[in-house]
Amino acid sequence: MSQFKSEFLNTLATRGFVHQISDAEGLDAAAVAGPITGYIGFDATASSLHAGSLVQIMMLRWMQKTGHRPIALMGGGTTKIGDPSGKDEARKLLTVAQINANLDGISRVFGRFLRFGQGPTDALMINNADWLDRLNYIDFLRDYGTHFTINRMLSFDSVKLRLDREQPLTLLEFNYMILQAYDFLELSRRQACVLQMGGSDQWGNIVNGIELGRRVDGRQLHGLTTPLLTTASGAKMGKTAAGAVWLSADLLSPYDYWQYWRNAEDADVGRFLKLYTELPLAEIARLAALGGSEINEAKKLLANEATALLHGHAAAVAAAETARQTFEEGASAAGLPTISLDLKAGVGLLQACVTAGFASSNGEARRHVQGGAIRVNDLAVSDEKMTLGLGHLNADGAIKLSMGKKKHVLIKPL
RNA sequence: GGGGGAGUGUCCCGAGCGGCAAAGGGGGCGGACUGUAAAUCCGCUGGCUUCGCCUUCGUAGGUUCGAGUCCUACCUCCCCCA
């Protein structure tokens with residue numbers, strides 16, 4: 001397993017981060033010789049990253065922890081194009097204002113995982129708009145266009161997939177991989193960056209960058225990808241019915257984030273502990289081997305550790321305590337997500353369910369009530385026309401509204 | 001340039017004699033069973049002021065009492081010929 005000499009690659013490999021490496025021995029040797037600089041690009045397609053990006057963020061963190069310098073590259077420029085990798089259709093073009101707003105939200109999360117600064121292994125955050133926005137079309141084509149053949153570009157999965165599925169691929173998107181390759185070249189020149197990492201769907205883009213660096217500057221660059229991560233039952237990481245598992249507390253409360261990990265499938269526990277926590281491998285092996293209901297202890301630890309990394313130790317403890325009260329005592333825990341409604345005037349049950357995020361329309365809420373999923377203060381309700389008012393407040397001055405076993409919200413008067 | 005085929009419920013795949021809010025899967029959600037797991041079984045899966053009304057089948061028109069279904073034009077994609 002641990003055929004690597006460098007702590008960096010050794011750690012990534014044993015914890016399950018590695019799918020492909022362009023030149024494993026070369027990269028290993030470079031990492032042994034001294035601190036190297038590596039980067040991962042993040043496009044600003046939403047106002048927050050979600051759990052699907054967490055693997056990449058953890059890699060940057062491990063990179064720093066093992067004595068190297070990570071760069072978080074913000075795709076302020078590439079987002080204007082849109083990456084076609086792994087997608088059936090072009091996503092809607094975002095306005096520059098949207099992109100900038102998204103970058104704001106995204107960049108915030110890195111401070112929790114990386115130490116930034118000016119030191120040799122301090123992380124950097126760079127925006128590729130710094131160079132991409134200034135490119136001159138003709139000059140760019142003449143300088144770099146000769147290094148890419150259409151023949152080769154057509155052979156990459158990101159392109160082939162779209163073509164095979166008979167979906168249109170526009171010239172705009174077709175250019176994405178070239179710009180990403182150029183990013184790598186720029187970073188190698190500006191920051192002596194020799195490594196690009198990313199998800200397995202980025203392999204083609206990364207290889208293009210390596211090629212470009214070799215042809216233009218004669219540099220030896222490296223690429224490393226992570227496996228496509230799914231849950232044991234095949235679902236994409238970071239997606240739930242309620243939507244993505246956002247890393248921003250504004251979009252997903254620390255409590256719900258904790259719950260996401262707590263609800264991991266048994267078969268995923270070991271793998272997730274290795275990827276999303278920093279517990280020692282021996283400890284993880286012990287936890288993953290727990291049988292039956294005992295594995296719930298491992299899941300709690302997973303939730304605690306993962307939440308602490310993102311939202312801090314205090315938030316993790318609070319989430320764990322809220323969960324304990326809610327699930328193990330069946331109590332109305334004060335730490336549950338809370339919404340405020342005008343209870344004095346009275347609020348319809350269906351409307352309350354929509355506001356609580358249980359349903360996206362009154363009709364859907366109605367079906368949930370008819371299906372017996374909705375409870376008020378832990379009592380099932382069947383009357384969809386019920387009105388919630390001040391009279392429903394419990395001893396703690398709130399109404400506990402629940403859907404199913406896992407979704408709970410506290411309603412407080414305005 | 002010529003000929004043929006395709007685009008369906010804004011999660012996906014996919015049926016659809018002119019009466020259709022539109023078969024069936026998958027996914028998702030809820031219920032039962034459990035361990036806040038998986039598997040299994042059951043229910044739900046367009047919106048609303050719900051005995052009814054409104055909006056959906058690539059886009060825009062047309063025929064018809066009535067169109068996803070027929071006609072015309074346009075858009076996109078695929079295949080064959082040149």
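Lettering follows sequence order; numbering is per chain, from 1.
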- prompt: Over how many whole Å does the gap from A:H368 atom NE2 to B:rG28 atom P extend?
  reply: 14 Å
message: Counting the atoms with a prime plus P, OP1 and OP2 as sugar-phosphate, which does A:A359 contact under 4.0 Å by heavy atoms, base, sugar-phosphate, or nothing?
response: nothing
field: Comparing A:R262 and A:K385 on RNA chain B - which has the more 5′ nearest nucleotide
entry: A:R262
task: Please state the P separation for the pair B:rC80 and B:rA15 - nearest whole angstrom.
output: 22 Å
- prompt: Where along residues 298-320 of chain A does a heavy atom come under 4.0 Å from RNA chain B, residue by residue in number order?
  reply: A:K299
message: Taking only the P atom of each, what is the distance from B:rG52 to B:rA21 in whole angstrom?
response: 13 Å
query: Is any side-chain N or O of A:K406 closer than 4.0 Å to OP1 or OP2 of B:rG31?
result: no
- prompt: Please, which pairs that meet salt bridge (charged side-chain N to carboxylate O under 4.0 Å, His left out) have at least one residue in residues 43-64 of chain A, sequence neighbours excluded?
  reply: A:R61-A:E278
A:E297 CD to B:rG35 C1', straight-line distance once rounded to whole Å: 11 Å
message: Quick check for you: among B:rU36, B:rA38, B:rG30, whose closest atom lies nearest to any side-chain atom of A:M403?
response: B:rG30
- prompt: What is the distance, rounded to the nearest whole Å, between atom CD of A:Q259 and atom C1' of B:rA37?
  reply: 13 Å
task: Measure from CG on A:L350 to C1' on B:rU50 and round the result to the nearest Å.
output: 12 Å
- prompt: Just how far, in rounded Å, is P of B:rA38 from CD of A:E265?
  reply: 5 Å
- prompt: How far, in whole Å, is B:rU50 from B:rG35 if one measures between their C1' atoms?
  reply: 41 Å
- prompt: Going through the checks in order, is the side-chain hydrogen bond (donor to acceptor under 3.5 Å, both in side chains) test met by A:N128 and A:T78?
  reply: CA-CA 7 Å; A:N128 65 14; A:T78 35; 2.9 Å; yes
query: Angle class for the A:W261/A:Y276 ring planes (parallel below 30°, perpendicular above 60°, tilted otherwise)?
result: tilted
- prompt: If pairing requires Watson-Crick or G-U wobble contacts with both distances under 3.5 Å, which nucleotide is the partner of B:rC70?
  reply: B:rG62
Integer angstrom distance from the P of B:rC71 to that of B:rC77: 24 Å
message: Can you check the distance between B:rG62 and B:rG14, where both ends of the measurement are the C1' atom (answer in whole Å)?
response: 30 Å
A:K407 side-chain N/O to B:rG30 phosphate OP1/OP2 under 4.0 Å: yes
field: Watson-Crick/G-U partner (both atom distances under 3.5 Å) of B:rC17
entry: none
message: With no hydrogens and no angle check, just 3.5 Å: does a side-chain donor-acceptor pair link A:T11 and A:E7?
response: no
task: Please state the C1' separation for the pair B:rU45 and B:rA22 - nearest whole angstrom.
output: 15 Å
message: When both hydrogen-bonding distances must be under 3.5 Å and the geometry is Watson-Crick or G-U wobble, what is B:rC11 paired with, if anything?
response: B:rG26
task: Would you kindly give the NE2-to-C1' distance between A:H408 and B:rG30, to the nearest whole Å?
output: 14 Å
task: For A:I374, report the nucleic acid contact type (base, sugar-phosphate, nothing); a contact means any heavy atom under 4.0 Å.
output: nothing
message: My understanding is that a pair needs two contacts under 3.5 Å, Watson-Crick or G-U wobble. By that rule, which nucleotide pairs with B:rA38?
response: none
message: Taking only the P atom of each, what is the distance from B:rC11 to B:rG46 in whole angstrom?
response: 10 Å
- request: Name the orientation class of the two ring planes belonging to A:Y144 and A:F140 (parallel below 30°, tilted from 30 to 60°, perpendicular beyond 60°).
  value: tilted
query: When rounded to the nearest 0.5 angstrom, what distance separates CZ in A:F272 from NZ in A:K299?
result: 10.5 Å
- prompt: B:rG30 C1' sits how many Å from A:N263 CG, rounded?
  reply: 15 Å
query: After noting the C-alpha distance and the side-chain angles of A:H19 and A:S200, does the key distance pass the side-chain hydrogen bond (donor to acceptor under 3.5 Å, both in side chains) rule?
result: CA-CA 7 Å; A:H19 180 238; A:S200 57; 4.7 Å; no
- prompt: Got a sec: does the CD of A:E25 have more than 12 other heavy atoms crowding it under 6.0 Å?
  reply: no
- request: Please state the C1' separation for the pair B:rC12 and B:rA82 - nearest whole angstrom.
  value: 38 Å
- request: Taking the six-membered ring for Trp and the single ring otherwise, decide whether the centroids of A:W62 and A:F8 are under 6.0 Å apart.
  value: no
From CG (A:D104) to CD1 (A:I99), nearest 0.5 Å: 13.0 Å
Between the protein and nucleotides 46-48 of chain B, are there any N/O to N/O pairs under 3.5 Å, and if so, what are the atom names and distances?
unit_1, atom_1, unit_2, atom_2, d
B:rG47, OP1, A:S361, OG, 2.8
B:rG47, OP2, A:R367, NH1, 3.4
B:rG47, OP2, A:R367, NH2, 3.4
B:rC48, OP1, A:N362, N, 3.0
B:rC48, OP2, A:G363, N, 2.8

field: A:R375 CZ - B:rG30 P separation (whole Å)
entry: 11 Å
message: On RNA chain B, compare the nucleotides closest to A:K405 and A:F358; which residue's is nearer the 5' end?
response: A:F358
- prompt: When the aromatic ring centroids of A:Y257 and A:H311 are compared, is their separation below 6.0 Å?
  reply: yes
- prompt: Do the two ring centres, one from A:F116 and one from A:F110, sit under 6.0 Å apart?
  reply: no
message: Which nucleotide, if any, forms a Watson-Crick or G-U wobble pair with B:rU49, using both distances under 3.5 Å?
response: none
- line: Mate of B:rC77 across any strand shown (Watson-Crick or G-U wobble, both atom pairs under 3.5 Å) is B:rG5
